[in-house]
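Please read these numbers as outputs of a predicted model, since none were measured by experiment.
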Amino acid sequence: PETGTTIQNVIFTPDDRTNYSEVTIPLNVTVNQALISSGFSHTLYLGAGDSTVTAWGLNTDGRLGVGDMNSPVNWAKAVQGIPLGYTVTGVSAGGTHSLILAGGQVYAAGSDRYGQLGQGAVNGANKTSFTPVAILSNTPVAVSAGGNHSLIVMADGKVFACGDNTYGQLAQPAATA
(Lines give C-alpha, C1' and ligand atoms only; values in the text may rest on other atoms or scores of the structure.)
Protein backbone atom coordinates (compact mmCIF):
# COMPACT_ATOMS: atom_id res chain seq x y z
CA PRO A 1 0.00 0.00 0.00
CA GLU A 2 1.01 3.61 -0.49
CA THR A 3 2.19 5.41 2.62
CA GLY A 4 0.78 8.68 3.93
CA THR A 5 -2.70 9.98 4.66
CA THR A 6 -5.42 9.95 2.02
CA ILE A 7 -9.19 10.24 1.97
CA GLN A 8 -10.85 6.95 1.11
CA ASN A 9 -14.57 6.64 0.39
CA VAL A 10 -16.08 3.72 2.27
CA ILE A 11 -19.42 2.44 1.06
CA PHE A 12 -21.72 0.85 3.63
CA THR A 13 -24.29 -1.41 2.00
CA PRO A 14 -27.05 -2.71 4.30
CA ASP A 15 -28.40 -6.23 4.01
CA ASP A 16 -31.92 -4.81 4.22
CA ARG A 17 -32.05 -2.45 1.23
CA THR A 18 -35.81 -2.13 1.47
CA ASN A 19 -35.66 -0.12 4.70
CA TYR A 20 -32.12 1.26 4.53
CA SER A 21 -30.02 3.04 1.93
CA GLU A 22 -26.41 2.65 0.89
CA VAL A 23 -24.19 5.33 2.45
CA THR A 24 -20.79 6.62 1.31
CA ILE A 25 -18.57 8.09 4.04
CA PRO A 26 -15.18 9.74 3.38
CA LEU A 27 -12.51 8.61 5.89
CA ASN A 28 -8.93 9.75 6.47
CA VAL A 29 -6.72 6.66 6.19
CA THR A 30 -3.06 6.73 7.23
CA VAL A 31 -0.66 4.01 6.14
CA ASN A 32 2.76 3.92 7.84
CA GLN A 33 5.91 3.17 5.89
CA ALA A 34 7.69 -0.18 6.15
CA LEU A 35 10.57 -0.25 8.64
CA ILE A 36 13.37 -2.81 8.94
CA SER A 37 16.63 -3.02 10.88
CA SER A 38 19.22 -5.78 11.17
CA GLY A 39 21.48 -6.05 14.20
CA PHE A 40 24.41 -8.33 15.00
CA SER A 41 22.27 -11.47 14.71
CA HIS A 42 18.63 -10.38 14.69
CA THR A 43 16.08 -8.38 12.70
CA LEU A 44 13.13 -6.09 13.51
CA TYR A 45 10.44 -5.53 10.86
CA LEU A 46 7.23 -3.54 10.47
CA GLY A 47 5.38 -3.97 7.17
CA ALA A 48 3.77 -0.99 5.43
CA GLY A 49 0.31 -0.51 6.89
CA ASP A 50 1.01 -2.95 9.75
CA SER A 51 0.75 -2.04 13.42
CA THR A 52 2.79 -4.87 14.96
CA VAL A 53 6.58 -5.08 14.88
CA THR A 54 7.94 -8.59 14.37
CA ALA A 55 11.42 -9.93 15.14
CA TRP A 56 13.54 -13.01 14.43
CA GLY A 57 17.08 -14.29 14.98
CA LEU A 58 19.27 -14.86 18.05
CA ASN A 59 17.40 -14.18 21.29
CA THR A 60 19.55 -15.53 24.15
CA ASP A 61 19.41 -12.18 25.99
CA GLY A 62 15.87 -11.13 25.05
CA ARG A 63 17.01 -8.76 22.28
CA LEU A 64 13.96 -9.63 20.16
CA GLY A 65 11.58 -8.34 22.83
CA VAL A 66 9.14 -11.21 22.23
CA GLY A 67 8.60 -12.00 25.93
CA ASP A 68 11.12 -14.81 26.37
CA MET A 69 14.74 -15.78 25.68
CA ASN A 70 14.05 -18.87 23.56
CA SER A 71 16.59 -18.92 20.77
CA PRO A 72 16.92 -18.90 17.87
CA VAL A 73 13.61 -17.63 16.52
CA ASN A 74 13.44 -18.66 12.86
CA TRP A 75 10.13 -16.97 12.01
CA ALA A 76 8.59 -13.54 12.41
CA LYS A 77 7.31 -13.31 16.00
CA ALA A 78 5.36 -10.32 17.40
CA VAL A 79 7.25 -8.16 19.91
CA GLN A 80 5.79 -7.48 23.37
CA GLY A 81 5.47 -4.26 25.38
CA ILE A 82 4.43 -1.69 22.77
CA PRO A 83 0.97 -0.33 23.74
CA LEU A 84 -1.86 -1.09 21.31
CA GLY A 85 -2.74 1.84 19.11
CA TYR A 86 0.72 3.43 19.23
CA THR A 87 2.14 4.30 15.82
CA VAL A 88 5.63 2.88 15.34
CA THR A 89 7.94 5.41 13.65
CA GLY A 90 11.35 3.83 14.24
CA VAL A 91 13.04 0.47 14.84
CA SER A 92 16.72 -0.23 15.45
CA ALA A 93 18.41 -3.58 16.07
CA GLY A 94 21.79 -3.31 17.83
CA GLY A 95 24.41 -5.77 18.97
CA THR A 96 22.54 -7.40 21.86
CA HIS A 97 19.55 -5.07 22.23
CA SER A 98 16.79 -3.36 20.25
CA LEU A 99 14.98 -0.01 20.28
CA ILE A 100 11.52 0.94 19.04
CA LEU A 101 10.12 4.48 18.76
CA ALA A 102 6.32 4.37 19.14
CA GLY A 103 3.76 6.95 20.18
CA GLY A 104 6.48 9.51 20.90
CA GLN A 105 8.15 7.14 23.42
CA VAL A 106 11.29 4.98 23.17
CA TYR A 107 11.12 1.31 24.17
CA ALA A 108 14.13 -0.98 24.71
CA ALA A 109 14.66 -4.76 25.00
CA GLY A 110 17.60 -7.14 25.35
CA SER A 111 20.90 -6.95 27.21
CA ASP A 112 21.52 -4.07 29.61
CA ARG A 113 25.10 -5.13 30.44
CA TYR A 114 26.49 -1.69 29.62
CA GLY A 115 23.38 0.36 30.42
CA GLN A 116 22.42 0.49 26.73
CA LEU A 117 18.69 0.14 27.52
CA GLY A 118 18.66 3.56 29.18
CA GLN A 119 17.29 2.17 32.44
CA GLY A 120 19.90 3.98 34.55
CA ALA A 121 22.06 1.00 35.52
CA VAL A 122 25.16 -0.80 34.30
CA ASN A 123 24.97 -4.60 34.46
CA GLY A 124 21.19 -4.26 34.50
CA ALA A 125 18.89 -7.22 33.96
CA ASN A 126 17.99 -8.38 30.47
CA LYS A 127 14.57 -7.22 29.31
CA THR A 128 12.62 -9.81 27.30
CA SER A 129 9.79 -7.39 26.43
CA PHE A 130 10.07 -3.79 25.29
CA THR A 131 10.27 -1.44 28.30
CA PRO A 132 9.85 2.37 28.21
CA VAL A 133 13.04 4.44 28.41
CA ALA A 134 12.62 7.33 30.86
CA ILE A 135 13.34 10.55 28.99
CA LEU A 136 12.81 13.66 31.11
CA SER A 137 12.82 16.35 28.47
CA ASN A 138 11.65 16.83 24.92
CA THR A 139 10.19 14.37 22.44
CA PRO A 140 12.27 11.62 20.81
CA VAL A 141 12.18 11.59 17.00
CA ALA A 142 14.79 8.95 16.04
CA VAL A 143 16.57 5.96 17.60
CA SER A 144 19.75 4.05 16.82
CA ALA A 145 20.99 0.94 18.61
CA GLY A 146 24.74 0.37 18.29
CA GLY A 147 26.85 -2.58 19.38
CA ASN A 148 26.41 -1.96 23.12
CA HIS A 149 25.12 1.61 23.16
CA SER A 150 22.00 3.56 22.20
CA LEU A 151 21.41 7.01 20.72
CA ILE A 152 18.10 8.87 20.79
CA VAL A 153 17.60 12.12 18.86
CA MET A 154 15.19 14.63 20.41
CA ALA A 155 12.92 17.07 18.58
CA ASP A 156 15.13 19.95 19.73
CA GLY A 157 18.19 18.31 18.11
CA LYS A 158 19.79 17.11 21.34
CA VAL A 159 21.03 13.51 21.53
CA PHE A 160 20.51 11.20 24.50
CA ALA A 161 23.26 8.54 24.65
CA CYS A 162 23.68 5.55 26.96
CA GLY A 163 25.69 2.35 27.19
CA ASP A 164 29.27 1.37 26.42
CA ASN A 165 31.67 4.22 25.65
CA THR A 166 34.94 2.30 25.38
CA TYR A 167 35.72 3.86 21.99
CA GLY A 168 34.06 7.24 22.56
CA GLN A 169 30.81 6.24 20.83
CA LEU A 170 28.80 8.32 23.36
CA ALA A 171 31.00 11.42 22.92
CA GLN A 172 31.73 11.27 26.69
CA PRO A 173 35.06 10.82 28.52
CA ALA A 174 33.90 7.96 30.81
CA ALA A 175 33.93 4.27 29.74
CA THR A 176 30.18 3.92 30.39
CA ALA A 177 27.66 6.75 30.55
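Transitive grouping of hydrophobic side chains (ILVMFWY, heavy atoms separated by less than 4.5 Å) keeps Ile135 and Val159 in distinct clusters. No continuous path of ILVMFWY side-chain contacts below 4.5 Å connects Val153 to Val106, so the two sit in separate hydrophobic clusters. Both Leu99 and Leu101 belong to a single network of hydrophobic side chains, linked directly or stepwise wherever heavy atoms of I, L, V, M, F, W or Y lie under 4.5 Å apart. When hydrophobic clusters are built by joining Ile, Leu, Val, Met, Phe, Trp and Tyr residues whose side-chain heavy atoms come closer than 4.5 Å, directly or via intermediates, Val10 is grouped together with Val23. In the hydrophobic clustering of this structure, Leu58 does not group with Val66; members are Ile, Leu, Val, Met, Phe, Trp, Tyr whose side-chain heavy atoms approach within less than 4.5 Å, directly or through other members.
The two residues Ala161 and Leu151 come nearest to each other via the heavy atoms CB-CD2, 3.5 Å. The shortest heavy-atom contact between Met69 and Gly62 is CG-N, 3.5 Å. The two atoms that bring Asp164 and Leu170 nearest to each other are O-CG, 3.7 Å, heavy atoms only. Across every non-hydrogen atom of Thr96 and Gln116, the tightest pair is OG1-NE2, 3.4 Å. For the residue pair Val73 and Asn70, the shortest heavy atom distance occurs at CG2-O, 3.7 Å. Shown here for Leu117 and His97, the closest heavy-atom pair between the two residues is CD2-CB, 3.7 Å.
Looking at Asp50, its side chain never comes within 3.5 Å of a backbone N or O of Thr52 through a donor-acceptor pair. At distances below 3.5 Å, at least one donor-acceptor pair connects side-chain atoms of Asn59 with backbone N or O atoms of Leu64. The main-chain N or O of Ser129 is found under 3.5 Å from a side-chain atom of Thr131 such that the two form a donor-acceptor pair. Without hydrogens or angle criteria, Arg63 side chain to Gly95 main chain gives a donor-acceptor distance under 3.5 Å.
Distance check: Thr89 OG1 to Leu35 CG gives 7.5 Å after rounding to the nearest 0.5 Å. Note that the CD1 atom of Ile152 and the CG atom of Asn138 stand 12.0 Å from one another [nearest 0.5 Å]. Remark: Tyr45 OH to Ser38 OG distance equals 12.0 Å, nearest 0.5 Å. Atom CD1 of Ile82 is separated from atom OG1 of Thr87 by 12.0 Å, given to the nearest 0.5 angstrom. For the atom pair Gln80 CD and Phe130 CZ, the distance stands at 10.0 Å (nearest 0.5 Å). In this structure, CD1 in Ile11 is found 10.5 Å from CD1 in Ile25, a value given to the nearest 0.5 Å.
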Worksheet entry | Audit row: Val133, Phe160, side chain to side chain contact (heavy atoms under 4.5 Å, CB included) steps and yes/no | CA-CA 11 Å; Val133 175; Phe160 172 80; 4.3 Å; yes

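Taking the side chain as every heavy atom from C-beta outward, Thr128 and Asp68 never approach each other to under 4.5 Å.
Within 6.0 Å of CG on Asp15 lie no more than 12 heavy atoms contributed by other residues, nucleotides or ligands.
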